[in-house]
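This report refers to the structure that appears directly beneath it.
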Amino acid sequence: MRPAAATDIAHDALDIPENPLGVSTDDARTLSAVLFRRLGSLKEGTPEYSYVRNTLVELNLSLVKYAAHRFRHRSDPLEDIVQVGTVGLIKAINRYDVERGVEFATFALPTITGEIRRFFRDSTWSVKVPRRLQELRLDIAKAHDVLEQRLGRRPTEHELAEHLGISDEELTEGLVAANGYTAGSLEIPADDDAEGKRSLKQSLGVEEEAYDLIECLETLKPLLAGLSDRDRVILSLRFGGELTQREIGERLGISQMHVSRLLSQIMETLRTGLLTDGDDEGDDEGDKGDEATCGCGSEEGGGPSAG
């Protein structure tokens, strides 16, 4: 709200309408020129200064609406664009010098439009990219239009880079960054789906857990082949037949403790082989595993005979 004292002072000095938003364009232009001269004679920060400046904002809001209407195709609400444009209008009022003889509308429109464009540049990108690449995106778009008219065809990336005076790598970086300006919905139909029944989300790949299992099995094959027949039987009974260690011992004629010790040695051999990098290291670890397995076999060989 305007201060009552400031309103009285202003109305005493100037013929300001009660509703500045309702005046015609010609009246707003004439009254603005008078108010700008009055604003220049006032001390900034005083109630009267604030009142006169606020009146200038209300008188020239039509400039903001005109500039904002040019961006109506954007996804942002028009009210937000008007609000941003009003900030540009206030900046223009603060910088305007009536003594230069330039129409305020001529001076203010570029400032208002620039503020709106800055808002889109800094806050409407779906993915945040450096300002350098944001500006490069605009330069690429302008250069594309110029070269397309000049050449009568779509310019190549190399021609765009030469026109802008940048390298092909820099142009590629700008083109990639431009993809971050807008984000598409995963629910829209896929390009290759004429009936529109399949969305992009349905065409995306998913992580297949079975791939890890297949990779582990293929890695285990040579390690399992290096085990003794007795060790492979123990693994088969334990993890294939799901027998307990006691049941395995009864089948093989050895104690449960002996089965437990053999399983630990077998698993350690396989684990070492899986974690070994390089063929040479794998061979070395395989030899160690064979030695350990043979040692276990010797121990077992003595077990049944002793029993």
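Bear in mind the structure is a predicted one, so any value in this text is a computation, not a measurement. Start at 1 with the first residue, then count along the sequence.
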Under 4.5 Å between any side-chain heavy atoms of [X] and [Y], yes or no?
X	Y	result
Phe104	Leu56	no
Thr269	Leu223	no
Gln256	Glu250	no

Would you compute the distance between atom [atom1] of [X] and atom [atom2] of [Y] and round it to the nearest 0.5 angstrom?
X	Y	atom1	atom2	result
Ile254	Ile234	CD1	CD1	5.0 Å
Thr219	Leu270	OG1	CG	11.5 Å
His163	Asp139	NE2	CG	9.5 Å
Ile116	Ile81	CD1	CD1	6.5 Å
Glu215	Leu220	CD	CG	11.0 Å
Leu133	Leu138	CG	CG	11.5 Å

With a 4.5 Å cut-off on side-chain heavy-atom distances among I, L, V, M, F, W and Y, is there a chain of contacts connecting [X] to [Y]?
X	Y	value
Phe239	Ile266	yes
Val52	Phe36	yes
Ile248	Val233	yes
Val87	Ile93	no
Leu151	Leu171	yes

So, [X] and [Y], do they make that salt bridge, N to O below 4.0 Å?
X	Y	answer
Glu44	Arg53	no
Glu170	Arg132	no
Glu159	Arg150	no

- Task: Evaluate the side chain to side chain contact (heavy atoms under 4.5 Å, CB included) criterion for residues Leu35 and Tyr51: first the C-alpha distance (whole Å), next the side-chain angles of each, then the deciding distance (0.1 Å), finally the verdict.
- Result: CA-CA 10 Å; Leu35 289 176; Tyr51 172 72; over 6 Å; no
- Please indicate whether Gln83 has more than 12 foreign heavy atoms, meaning atoms of other residues, nucleotides or ligands, lying under 6.0 Å from its CD. no
- Message: With a sphere of 6.0 Å drawn around CZ of Arg153, does it hold more than 12 non-hydrogen atoms of other residues, nucleotides or ligands?
- Response: yes
[X] to [Y] - nearest heavy-atom pair and separation:
X	Y	answer
Ala67	Thr113	CB-OG1, 4.0 Å
Val98	Ala33	CG2-O, 4.2 Å
Asn60	Ser32	ND2-OG, 3.3 Å
Leu243	Arg251	CD2-NE, 3.5 Å
Ile140	Leu160	O-CD2, 4.3 Å
Gly88	Thr111	O-CG2, 3.5 Å

- Message: Has Arg232 got a side-chain atom pairing as donor or acceptor with Leu224's backbone, closer than 3.5 angstrom?
- Response: yes
- Task: Check whether any side-chain N or O of Thr272 sits under 3.5 Å from a backbone N or O of Glu268 as a donor-acceptor pair, and report yes or no.
- Result: yes
- Is there a side chain to side chain contact (heavy atoms under 4.5 Å, CB included) between Leu78 and Lys65 once you walk through the steps? CA-CA 9 Å; Leu78 186 61; Lys65 295 177 180 178; over 6 Å; no
- Take the angle between the ring planes of Tyr96 and Phe107 and call it parallel below 30°, perpendicular above 60°, tilted in between. tilted
- Starting from the C-alpha separation in whole Å, work towards a yes-or-no answer on side chain to side chain contact (heavy atoms under 4.5 Å, CB included) for Gln245 and Met257. CA-CA 8 Å; Gln245 294 180 4; Met257 183 179 297; over 6 Å; no
